[in-house]
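Everything numeric in this text was worked out from a predicted model, so none of it was measured.
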Amino acid sequence: MFTLVEMTDTVRIPPHLFHIKLNDAVIEELNNKFANKVVYNVGLCIALFDITKLEDSFIFPGDGASHTRVHFRYVVFRPFMDEILQGRIRSCSREVSLGFFDDILIPPDALQQPSKFDESEQVWVWEYETEEGTHDLFMDKEEEIRFRVVDEVFVDTTPTGPKVSEAAEADKEAKKSPYSLVGTISEPGLGLLSWWNSIG
């Protein structure tokens with residue numbers, strides 16, 4: 001779920017940070033830049049792990065800040081494919097969103113089957129069949145759930161110049177999440193933890 005990623009970046013240290021140690025200033029600036037941000041094709045950055053190398057610092061004409069090339073390792077949230085994760089249901093609609101990382105979706109065809117969406121309760125229901133008949137097992141909000149990661153989607157959200165003819169489409173694209181996961185619970189042992197405690 002969490003990995004260490006080696007990264008390189010040129011860190012700009014503004015003059016008001018010159019009074020502290022270079023290492024401390026670099027750590028502060030790296031965390032300001034990367035913490036809780038998604039890096040395209042890398043994942044969600046959590047925290048700086050360590051600095052492996054500091055190159056020479058330079059001050060460029062017209063800019064009083066120092067610029068230092070830094071090699072470092074960052075702790076990143078990026079589950080591998082088929083990893084089993086556990087989280088909580090954040091909301092139910094025609095898709096299910098889970099976990100501390102809000103952009104995890106479980107599409108309807110990846111639920112335990114047969115499942116239906118209960119419009120009155122606004123929750124998904126697994127129609128579990130037993131010898132005594134069918135039991136409705138509800139997927140309520142805030143319930144703990146276990147799921148398997150089946151796909152990840154990165155969207156390049158780098159700003160581009162405005163396109164007059166496609167302004168509405170650009171606005172729609174801007175609302176997309178830069179990193180999302182797709183999960184499934186359509187296998188034995190997956191789904192709400194309470195299901196398997198009560199079934200077993």
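Remark: Phe80 pairs with Glu83 by the side-chain contact (heavy atoms from CB on, under 4.5 Å) rule, at least two apart or across chains.
Within the structure, every pair that satisfies the salt bridge (Lys or Arg N to Asp or Glu O under 4.0 Å) test and touches residues 2-13, not counting sequence neighbours, is listed here: Asp9-Lys33, Arg12-Asp63. For residues 48-61, the set of pairs meeting the salt bridge (Lys or Arg N to Asp or Glu O under 4.0 Å) definition, not counting sequence neighbours, comprises Asp50-Arg73.
A ring-centre distance under 6.0 Å is not found for Phe2 and Tyr74.
Counting only heavy atoms from C-beta outward, the side chains of Glu129 and Pro114 approach each other to under 4.5 Å. Between Leu85 and Arg148 the shortest side-chain heavy-atom distance does not fall below 4.5 Å. Contact check for Asp109 versus Leu111: no side-chain heavy atoms found under the 4.5 Å cut-off. Side-chain contact between Arg69 and Thr8: present, with at least one pair of heavy atoms (C-beta onward) separated by less than 4.5 Å.
Listed here is the closest heavy atom pair of Met139 and Ile185: SD-CD1, 4.2 Å. Across every non-hydrogen atom of Gly183 and Ala110, the tightest pair is O-CB, 3.6 Å.
Hydrophobic clustering (side-chain heavy atoms under 4.5 Å, transitive across Ile, Leu, Val, Met, Phe, Trp, Tyr) groups Met7 together with Ile27. Val76 and Phe154 end up in different hydrophobic clusters when Ile, Leu, Val, Met, Phe, Trp and Tyr side chains are linked at under 4.5 Å.
Ring orientation note: the planes of Tyr179 and Phe77 are nearly perpendicular, at an angle over 60° on the 30°/60° scale. In this pair, Tyr128 and Trp126 present their aromatic rings perpendicular. The plane angle is above 60°, beyond the 30 to 60° band.
Judged by distance alone, the side chains of Thr68 and Ser57 do bring a donor and an acceptor atom under 3.5 Å apart.
Distance check, rounded to the nearest 0.5 Å: OG of Ser180 to CG of Asp151 gives 8.0 Å. To the nearest 0.5 Å, atom CG of residue Leu190 and atom CZ of residue Phe147 are 10.0 Å apart. One distance of note links CG of Leu192 with CD of Glu144; it measures 9.0 Å at 0.5 Å rounding.
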